[in-house]
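Source: prediction; values computed, not measured. Counting begins at 1 with the first residue of the sequence.
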Amino acid sequence: MKRKATLEKQIRSLRMELSALEDAENKKKYAGLKGCCFSYKNCYSLPKGEQDYWTVFARVTSVDGAFAHVFRFEADNAGKIAITQDELILAESLMRSWTLIPRDSFDRQLHNFKIFLDNLLEARGRNG
């Protein structure tokens, strides 16, 4: 039993050391993502055609180890609107699954999204 406890203690210590090394590696690897903008084609399960997709936009605001903090917005094909101020996404997922887009493209989409929201709220104010 004493041997087991000793091994568990050594393993915990080694895991902490390994985690610190991986965090340092990830910090270097993903530091350049801060400020980068991405888009992602999204859909609900079993899409039948292009009309079933919509685009999600995200800008990396900071990086914490293997995670990117992003500002994200989208309006799905069913009218659901989502804005997330600080969402954690695996940085590797951004690199593999999302499309890097220029900042001006992101800003243009955000501007159009704001106009869409303003028009929606104005129409609701008139009708509701």
Side-chain angles (χ1 to χ4, degrees):
M1 268 322 221
K2 188 173 184 170
R3 176 73 176 141
K4 181 181 177 187
T6 301
L7 290 173
E8 287 173 343
K9 185 177 179 181
Q10 289 174 341
I11 288 170
R12 266 193 308 276
S13 175
L14 290 171
R15 283 186 180 147
M16 287 174 53
E17 185 178 345
L18 179 60
S19 180
L21 290 171
E22 288 173 340
D23 284 348
E25 287 174 356
N26 287 332
K27 187 175 183 178
K28 286 180 188 176
K29 183 177 180 180
Y30 299 120
L33 285 178
K34 184 176 180 185
C36 289
C37 301
F38 295 87
S39 66
Y40 180 80
K41 285 293 216 182
N42 204 359
C43 69
Y44 296 118
S45 61
L46 304 173
K48 294 185 175 102
E50 193 61 32
Q51 73 278 3
D52 295 325
Y53 290 86
W54 66 93
T55 305
V56 181
F57 295 95
R59 186 184 71 220
V60 178
T61 56
S62 66
V63 177
D64 184 11
F67 292 92
H69 293 259
V70 302
F71 167 74
R72 170 183 167 151
F73 65 93
E74 65 185 291
D76 74 10
N77 61 347
K80 180 180 174 187
I81 297 166
I83 303 169
T84 308
Q85 185 175 338
D86 186 20
E87 180 176 345
L88 281 177
I89 297 180
L90 277 170
E92 191 65 33
S93 173
L94 279 174
M95 302 293 289
R96 289 184 184 199
S97 303
W98 293 63
T99 302
L100 183 65
I101 61 172
R103 175 65 188 258
D104 64 333
S105 177
F106 176 88
D107 289 342
R108 191 170 43 258
Q109 292 296 332
L110 182 57
H111 177 75
N112 292 340
F113 189 73
K114 287 179 192 177
I115 291 170
F116 171 74
L117 286 176
D118 287 344
N119 291 338
L120 180 67
L121 293 171
E122 184 178 313
R124 285 286 176 208
R126 282 194 309 260
N127 299 328

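- Closest approach of Ala75 and Phe116 over heavy atoms only: CB-CE2, 4.3 Å.
- Of all non-hydrogen atoms in Cys36 and Gly32, the two that sit nearest each other are SG-O, 3.4 Å.
- Salt bridge absent: Glu8 and Arg15 never bring a charged side-chain N and a carboxylate O closer than 4.0 Å.
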Exercise for the section: Kindly indicate, with the supporting measurements, whether the criterion side chain to side chain donor-acceptor pair (under 3.5 Å) is fulfilled by Asp76 and Tyr44. Expected result: CA-CA 9 Å; Asp76 74 10; Tyr44 296 118; 2.3 Å; yes

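- In the hydrophobic clustering of this structure, Phe67 does not group with Phe71; members are Ile, Leu, Val, Met, Phe, Trp, Tyr whose side-chain heavy atoms approach within less than 4.5 Å, directly or through other members.
- Within the model, atoms CG of Leu14 and OG of Ser19 stand 12.5 Å from one another, a figure rounded to the nearest 0.5 Å.
- Rounding to the nearest 0.5 Å places CZ of Arg59 at 14.0 Å from NE2 of His69.
- Atom CD of Glu17 is surrounded by 12 or fewer heavy atoms from other residues, nucleotides or ligands within 6.0 Å.
- Two residues are said to be in side-chain contact when any heavy atoms from C-beta on lie closer than 4.5 Å; Tyr30 and Leu94 fail this criterion.
- Two residues are said to be in side-chain contact when any heavy atoms from C-beta on lie closer than 4.5 Å; Phe38 and Val70 fail this criterion.
- Scanning both residues, Val56 and Arg72, for their nearest heavy atoms gives CG1-NE, 3.4 Å.
- Within the model, atoms OG of Ser105 and CG of Leu100 stand 10.0 Å from one another, a figure rounded to the nearest 0.5 Å.
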Exercise for the section: Take Met95 and Leu33 through the side chain to side chain contact (heavy atoms under 4.5 Å, CB included) test and state the conclusion after the steps. Expected result: CA-CA 9 Å; Met95 302 293 289; Leu33 285 178; 3.4 Å; yes

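- Between the Thr6 side chain and the Lys2 main chain, a donor and an acceptor come within less than 3.5 Å of each other.
- One finds the CD atom of Glu25 at 8.5 Å from the CG atom of Leu18 (value rounded to the nearest 0.5 Å).
- The OH atom of Tyr40 sits 10.5 Å away from atom CD of Glu74, with the distance rounded to the nearest 0.5 Å.
- Considering every non-hydrogen atom in both Pro102 and Cys37, the closest pair reads O-CB, 4.5 Å.
- Residues Leu110 and Phe73 form a side-chain contact, since some pair of their non-hydrogen atoms from C-beta on lies under 4.5 Å apart.
- Counting heavy atoms from C-beta on, the side chains of Glu50 and Lys41 come closer than 4.5 Å.
- Neither Val60 nor Ile83 shares a network with the other; the hydrophobic side chains, linked directly or stepwise wherever heavy atoms of I, L, V, M, F, W or Y lie under 4.5 Å apart, form separate groups for each.
- Linking ILVMFWY side-chain heavy atoms closer than 4.5 Å, directly or via other members, places Phe57 and Ile81 in a single hydrophobic cluster.
- Going from atom CG of Leu7 over to atom CZ of Arg12 covers 11.0 Å, rounded to the nearest 0.5 Å.
- Annotation: Phe106 is not in aromatic contact with Phe113 [ring centroid separation under 6.0 Å not met].
- Judged purely by atom type and a 3.5 angstrom limit, Asp52 uses its side chain to pair as donor or acceptor with the backbone of Gly49.
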